[in-house]
Amino acid sequence: MPMIVCHGPKGGTGNTFVAAHLAMGLSAQGADVTVVSVAARDTLPLHFGLTPAIALPALTAPADEAVLVGGINLRSWRRAPEDLDFVPMLNDLGYFQPGKDRVLVVDVPSSETRLARRLIDHACAHVCTINAQPDTLALLPQAFGEAGIEGLARTAFVINALDETRRLGRHGSAFIRELAGPRLIGRIRMDEAVPESIATLQMLSRYAPASVALSDVQQIAEAIAPTLDSTSAAWIAPVSRAA
Ligand SMILES: Nc1ncnc2c1ncn2[C@@H]1O[C@H](COP(=O)(O)OP(=O)(O)OP(=O)(O)O)[C@@H](O)[C@H]1O
Ligand SMILES: [Mg+2]
């Protein structure tokens, strides 16, 4: 029952959007998926077409309290950042073992860097969602430096909300490609259907099945799937300290 940690260096880049759609993509591929939010202010349910009034049950809450959307188990553990028993608890629950059948996806807000690091040490993959904006790019050297080469061993980068019709978007994504190399596993195009689906309280797949962002994020889920039953991800290679 492996764990995928979604965490990026900057807020608002689409980390929660990617976590939700990774969960959906892996579920569509047949995995039994639990997705847990550790954010104090939680927007994860919105990507599943749920109303903001929904409070997700705790990770350890009984099955009869479960919130299930399309078979995906939505949970929360708000005290995770200060809960030193969180990682041992996940271990006890069996989430650190490779295997394709059951998967835990954790949505970690950008501000919770220490929690992210504790989790990434046990994850089969760390999905780092960034955008191609200069303020995000400016944070990458610091993020790379803090993680260290070992810490990046399980990291895959995703560029989200990319608009390559704009010069800055093209240049930013070229810079990330050069920096991340094979660790860049895909890009998700900017698509108004993403916020529109939230505004209409629908899943993106229902609101706009032909959405370009949906097809892009589905490809990301396909790229991540092989890491579930492997102890080393395909993109693992020595990283240079180009940052
Ligand atoms: N590909 C996309 N195209 C257009 N809008 C997007 C895309 N991905 C995400 N968004 C929008 O960007 C906003 C931020 O997304 P999201 O909440 O997933 O980011 P986050 O990194 O988790 O933010 P936070 O730091 O607040 O947790 C949302 O309004 C979402 O609808
Ligand atoms: Mg978020």
Side-chain angles (χ1 to χ4, degrees), residues 1-7 15-39 42 44-45 47-50 54 56-77 80 83 85-108 115-116 118-129 153-158 183 185-186 188 203-206 209 214-236:
M1 199 173 355
M3 171 172 68
I4 297 172
V5 176
C6 296
H7 175 257
N15 191 61
T16 301
F17 165 70
V18 170
H21 284 83
L22 267 182
M24 294 174 210
L26 296 172
S27 174
Q29 291 172 45
D32 176 357
V33 182
T34 298
V35 56
V36 61
S37 168
V38 298
D42 192 8
L44 183 73
H47 294 280
F48 289 87
L50 300 174
I54 293 275
L56 297 181
L59 191 59
T60 51
D64 62 0
E65 292 177 21
V67 171
L68 296 168
V69 180
I72 300 166
N73 200 344
L74 274 66
R75 298 278 172 158
S76 76
W77 199 257
D83 180 3
D85 292 331
F86 183 52
V87 171
M89 180 180 84
L90 294 178
N91 191 24
D92 291 346
L93 292 170
Y95 282 114
F96 299 160
Q97 306 301 323
K100 273 193 162 158
D101 300 338
R102 298 184 66 197
V103 185
L104 181 71
V105 177
V106 192
D107 174 19
V108 184
L115 172 63
R118 292 208 304 272
L119 291 169
I120 290 164
D121 284 345
H122 302 281
C124 69
H126 163 216
V127 177
C128 181
T129 299
R154 296 178 189 84
T155 300
F157 292 89
V158 172
R183 288 160 190 280
I185 57 164
I188 304 164
M203 289 171 71
L204 181 59
S205 56
R206 183 184 173 100
L214 181 65
S215 99
D216 292 343
V217 77
Q218 284 169 341
Q219 285 180 35
I220 305 286
E222 280 165 29
I224 286 291
T227 68
L228 297 179
D229 57 358
S230 129
T231 46
S232 67
W235 56 82
I236 291 178

* Give me the ring orientation class for H47 and F17: parallel if the planes are under 30° apart, tilted from 30 to 60°, perpendicular past 60°. => tilted
* **Check against side-chain contact (heavy atoms from CB on, under 4.5 Å), H122 and N91** => CA-CA 9 Å; H122 302 281; N91 191 24; over 6 Å; no
* Taking C-beta and beyond as the side chain, do I4 and I224 meet within less than 4.5 Å on heavy atoms? -> yes
* Structure fact -> In this structure, CE of M89 is separated from OH of Y95 (nearest 0.5 Å) by 8.5 Å
* **Close side-chain approach of F157 to V127, heavy-atom, < 4.5 Å** => no
* Determine whether M24 and S27 make a side-chain contact, defined as any pair of heavy atoms from C-beta on separated by less than 4.5 Å. => no
* Structure fact -> side-chain contact (heavy atoms from CB on, under 4.5 Å) with L74: of L68, I54, L56, only one passes, and it is L56
* **Test side-chain contact (heavy atoms from CB on, under 4.5 Å) applied to D107 and N15, step by step** => CA-CA 7 Å; D107 174 19; N15 191 61; 2.9 Å; yes
* Structure fact -> Note: A123 and V5 closest approach over all heavy atoms is CB-CG2, 3.7 Å
* Structure fact -> Note: H126 and T155 closest approach over all heavy atoms is ND1-OG1, 2.8 Å
* **Steps toward side-chain contact (heavy atoms from CB on, under 4.5 Å) verdict (I188, V158)** => CA-CA 7 Å; I188 304 164; V158 172; 3.7 Å; yes
* Asked: Which pair of non-hydrogen atoms, one from T227 and one from C124, has the smallest distance, and what is that distance?
  -> O-CB, 3.7 Å
* Give every residue pair that meets the side-chain hydrogen bond (donor to acceptor under 3.5 Å, both in side chains) criterion with at least one member in residues 215-225, sequence neighbours excluded. => R187-D216, R189-D216
* Asked: Looking at V35, D42, L44, which one forms a side-chain contact (heavy atoms from CB on, under 4.5 Å) with T16?
  -> L44
* Asked: Rounded to the nearest 0.5 Å, how far apart are CD1 of I220 and CG of L22?
  -> 8.0 Å
* Drop me the distance from H21's NE2 to L26's CG, to the nearest 0.5 angstrom. => 12.5 Å
* Verdict with reasoning, L104 to L93, per side-chain contact (heavy atoms from CB on, under 4.5 Å) -> CA-CA 10 Å; L104 181 71; L93 292 170; over 6 Å; no
* What's the spacing between D32 CG and I72 CD1 if we round to 0.5 Å? -> 10.0 Å
* At their closest point, which heavy atom of T60 faces which heavy atom of R75, and how far apart are they? -> C-NH1, 4.3 Å
* To do: Kindly indicate whether the side chain of F96, heavy atoms from C-beta on, has any atom under 4.5 Å from the side chain of L90.
  => yes
* Is there a side-chain contact between T34 and V103 (heavy atoms, below 4.5 Å)? -> no
* Asked: Considering all heavy atoms of both residues, which atom of C6 and which atom of V105 are nearest to each other, and what is their separation?
  -> SG-CG1, 4.0 Å
* Between CE on residue M3 and CG on residue L228, distance to nearest 0.5 Å -> 12.5 Å
* To do: Mind checking the CG-CG spacing from D83 to L115? Nearest 0.5 Å is all I need.
  => 9.5 Å
